[in-house]
Every structure is written in structure tokens, then in C-alpha cells.
Peer 1: 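This structure is in C-alpha cells; I'll ask about it shortly.
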Amino acid sequence: PRLQVVCLSVLSLKQRTRGPQCFHASIVCRPDFKRNPGATFSGCRMQAIVVTFDQLATTALGCYGNEWIETPHFDRLASRGVVFDCHFAEHVGDATGMGFVTGRIPRDSSSCPYDIGSAWSVAAGIAGIELALFKEVDSLPWSTVLQKTSETRAVAGQDTEAKPDEIPFARLVQATRQLLVEPRASGPRILWLHSAGVPEPWFPPEGFATLYFDEYEERGCDMAAFNRDNWGRHPAVYAGYVSLLDHWLGELIAAAELAAHSEPTLLICAAARGVDWMKFDTEQSGTVVGDSMTSTSNPVVEEWANVSERSTLSTVWQSPSLSDAVVRTPLLLRRLNHTDFDSEFAGTRSNRLVGTVDLGATLEDFFQRPAAASLSDGRSLLQELSETHSARKTLCFTDGRGTRGIRTSHWCCLVKEGPPTKEHEISDEFEPRPQLFAKPEDIWQCNDVAGQRPEITATLVEHLNSALPVLKPAAPVT
């Protein structure tokens, strides 16, 4: 199947030599997508289905290069849609995912630098776009913002000792499928499924938890030492949960394809944060895997143990780094049953810099909301594909705890301001230490070339300070 995806990609890329205007024309010239700044949505029957995960790693998906985890439905979505290879989360701290719901870039490097009152989702409700949110009970709190202007269904499920159809994401898909077949009034709507993704610790149903144990047994790992008390942070278990998510994504796609026969449908799947799921540190390897796994002669353990400044995966969750594994997240887009889109873009990949803030702008563009009325700081992914404007040159992000970053197509510059205070503010006692890494070659950001490229480093730091300023501590009261 992966060979088939590659072939489709090559064919579609050859088609794109016809010029960037083809896709734009296919949208503008079709009667149901004709732009009218004064139009209302009352008679327009179209829908968008959005799937967002709090946490899901790109490196666990076949369409992003993984060769041993079975994700046929993510891969099928990629083969019939578009994969964005440079999708980054602007905030991976306490405000993870706020870019999705607000469409705003962070104001500064603080833990929650967003103006919720000006969210694009609020404006969408005012414009007459129905917004139905299906959220997991334990998902991150940003989804509560949507509850102000939408029908919200909080779905409960369980991971530990659950059946495959009882996990939270399965419950979300089941509820959405039911709504897709119910008769509804004309008008645009957004069906938003918000999932925790792969929750920590990782406890899929037992059949999926052990699905990839043989992969690690072939590498010399004694998987017999694992049980439900200690396998919740093993990479093989993470892989099993990803395959289970993939299964239910396939169920959702099948239902969406049936619904798309009666109305134009846009499907978007994205994650707000990634994770270094393949890596254990020395302490965790010895505690969880056993003494035999701490031997330096075992190459698998050496790979897991080669992680600095990390004690447990819980620590990674609370204070994530700004490595590509964390800030680069999956983003896939597909127009269902749309011949022009399929012929032009099915199976293609985009290397343009895009972020979580672009979701709102994309939905506004899909529903033909006038650009002048947009409250989003993002760019429409549809316009990024049609290449109607120049590509974004930089994208900034932060962990909300003192580290900021800026990304271009060739470089990633990180600035750590120093340990945060109790109020998550930055202390003036620490001198910023910029680091510069070549992209995309230096995937794990191991080779700091800031000293060799001081001009580039200084330029990127200047832009970062302007676009994403540091939150300074408040002056003491005298």
C-alpha cells in the first residue's frame, strides 16, 4: 500500500506542472463555491469534519515514514488527500491546541498567551455555521472554549481493560456516525471530534497492547517481563494504541464518504502536539524493562537511553522540549468526492510552513466567509495548496515555560531564557542561549551551529523577539 501512495504522489506532482491556478479555479468557478462577500450561509448545505488529537506523533504514522506500525486508514487518507510535512504547533505547553480553536498566534511566551474572546470559532457561530463538538471527558481544557457557541457532547470511554469499541475515540466516532446519517436542515456545519489521542500512560485493550511485542522481541527485548502494571510507557504499546486509533479513523472516513454524496465535505485530521515515544532514558529502562535492558551492549537500549535531561515520559508531557518530535505534528486534508481536488492533489505532499492557527482560516475559506471578516491570524490551507500567495517564511513556537523557537525551511533556532519563576515568568538573571540547527537534516537537533552561523542566528533571534516576545516578570511593588 505504501508503494501505491508513492506512485500516486509522483503522478499528482507531475500534474501540478500545469500551474498553480488550476486548483484555485476549480474552487472559484464551481457554482457551489462561487465567492460572494455579502452572501449568507442559510441556503448552503456543506460540512467540514475536523479530527484533532491532543497528542499524536508523526513518526508513528506510515504516511510520515513509519515502516512497521500498521496505519492503513491514515495512509489511505494521505493517498487521497494532502499531507503537510511542515505542520508545527505554536504552543506545546499549558495552552496546547489553543491555536486550533482561536486561530490566533501566541502573544508572548507565557503559559496561556491567547485572547479567547476573539476566537474565530465564536465568529463562525455568529455567521450561522453550526458547530457540533464531540469531546472526550479527559481531553485538554481548550475544547471548553467551543462550548460557548456549539452543541457539545462529552463522551466518556475507558482505556484500561476496555474493549476496542469502548475507548474514548471509538465513542466519539460512534456518536459522529449517528449524527451523519440523521436528517438535518440546510446550512453549513462543522463536526469537530476532539480526542486526547494516545493518553498517558498508554493502555490500549490487551489485544492491541501486545500487537507489536514481536517487533521488539526480534530486536532482543525480553517482552515476557512486561505486564499491565509496567507496559504503559513502552513504545510497542504506544504503537498498538496508534493502530487502534487508525481503525476508528477508518470507520469515520467510511461514514464521511457516504455523507459526502449529498453535500460538499472537507475532512481535516491534525494533532496539537507530538511526543518522543520511541525513547526511554537510562532510569526508565532499568526500572521498567529490567536489569538485562541496561546493558550497554544492547543497541536497542542504547537508543532508548540516549536522551538527556529527562526522567520519565510524564516529565516530557509536563515540560516538553521543542524538538521536531514534539512541535512537528500530523496534518492531513481531503476534499471528499471532489473530482477536481482528486485529480490535482490526491496523494501529494506540501512542504510549506503551516501551523495550528491555520485550521480556522481554512474552515472560513471553505465556507466562503469573507476574508475581511476573519478573526484568524492563520492562512487557509486551501490557498496554500493553490499557491495564490507566497509561502510563509517563518513560524514561531513556545513551550510556555521559558523556551521559544523559530522555524524556516532551512533552519530551526531555539532560545532558552532560563528557569521560569513560580508564576511561569522569565528571570532577567539568565542570559538567553540561542541554538541553531540545520533543517531538515538535523532531525534530533544534535548539532548546534549557532557559533558557525552567527549572522543567521542573530537575524532569527531578532525576528523571534519581535513575533513572540518574552514575558518579563512584573516589577516589584515599592
Side-chain angles (χ1 to χ4, degrees), residues 1-3 5-6 55-75 159-160 164 197-247 274-317 320-321 323-326 328 330 440-447:
R2 294 192 181 95
L3 178 61
V5 173
V6 172
Q55 185 262 99
L56 183 64
T58 55
T59 51
L61 305 180
C63 54
Y64 280 96
N66 189 285
E67 297 180 352
W68 58 276
I69 300 178
E70 296 296 330
T71 55
H73 300 293
F74 278 104
D75 301 346
D159 297 309
T160 306
V198 183
E200 192 212 1
W202 312 323
F203 282 122
E206 188 167 352
F208 284 87
T210 59
L211 187 62
Y212 296 103
F213 274 20
D214 58 341
E215 296 282 345
Y216 283 82
E217 289 174 347
E218 293 174 359
R219 303 179 189 182
C221 298
D222 182 15
M223 302 307 293
F226 283 85
N227 54 52
R228 293 198 70 87
D229 294 331
N230 59 19
W231 70 24
R233 292 186 177 91
H234 194 285
V237 180
Y238 186 95
Y241 207 112
V242 170
S243 285
L244 183 54
L245 292 178
D246 176 84
H247 166 77
V275 66
D276 287 338
W277 63 280
M278 281 290 292
K279 299 203 173 184
F280 282 3
D281 65 12
T282 304
E283 177 183 351
Q284 190 174 3
S285 297
T287 301
V288 178
V289 182
D291 294 339
S292 63
M293 295 300 293
T294 60
S295 170
T296 57
S297 63
N298 191 319
V300 179
V301 177
E302 291 177 1
E303 179 184 2
W304 290 346
N306 187 24
V307 185
S308 61
E309 300 178 357
R310 191 170 300 172
S311 58
T312 64
L313 287 183
S314 294
T315 303
V316 177
W317 183 266
S321 67
S323 67
D324 275 6
V326 175
R328 178 174 172 259
E441 299 83 3
D442 192 354
I443 299 175
W444 301 108
Q445 296 172 187
C446 300
N447 185 24

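In this chain, residues are counted from 1 in sequence order.
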Peer 1: Measure across Gly274 and Gln55 and return the closest heavy-atom pair with its distance rounded to 0.1 Å.
Peer 2: O-CG, 4.1 Å
Peer 1: Taking Ser323 for its side chain and Trp444 for its backbone only, find out whether a donor-acceptor pair lies under 3.5 Å.
Peer 2: no
Peer 1: To the nearest 0.5 Å, what is the distance between CG on Leu61 and CD on Glu70?
Peer 2: 12.5 Å
Peer 1: Quick check for you: to the nearest 0.5 Å, what is the distance between Thr210 atom OG1 and His234 atom NE2?
Peer 2: 12.0 Å
Peer 1: Kindly indicate whether the side chain of Val198, heavy atoms from C-beta on, has any atom under 4.5 Å from the side chain of Leu56.
Peer 2: yes
Peer 1: I'd like to know if the side chain of Tyr238 and the backbone of Ala57 have a donor-acceptor N/O pair within less than 3.5 Å.
Peer 2: yes
Peer 1: What are the two closest non-hydrogen atoms of Ser243 and Tyr212, and how far apart are they?
Peer 2: OG-OH, 2.6 Å
Peer 1: So, for Val237 and Pro204, which heavy atoms are closest and what is the spacing to 0.1 Å?
Peer 2: CG1-CD, 3.4 Å
Peer 1: Indicate the atoms forming the closest heavy-atom contact of His247 with His73, along with that distance.
Peer 2: CA-CD2, 4.0 Å
Peer 1: The criterion is side chain to side chain contact (heavy atoms under 4.5 Å, CB included); which residues satisfy it with Pro164, sequence neighbours excluded?
Peer 2: Pro205, Phe208, Leu244
Peer 1: Under the rule for ring pair (Phe, Tyr, Trp, His ring centres under 6.0 Å), what residues qualify as partners of Phe213, not counting sequence neighbours?
Peer 2: Trp231
Peer 1: Hey, what do you get for CG (Asp324) to OG1 (Thr58), rounding to the nearest 0.5 Å?
Peer 2: 8.0 Å
Peer 1: Looking at every heavy atom in both Asp246 and Pro72, which two are closest together, and how far apart are they?
Peer 2: OD2-CD, 3.0 Å
Peer 1: Is there side-chain contact between Phe74 and Pro330, with at least one heavy-atom pair below 4.5 Å?
Peer 2: no
Peer 1: Tyr64: what forms a ring pair (Phe, Tyr, Trp, His ring centres under 6.0 Å) with it, not counting sequence neighbours?
Peer 2: none
Peer 1: Quick one: pull up OG1 in Thr59 and CG in Asp276 and give me the separation to the nearest 0.5 Å.
Peer 2: 8.0 Å
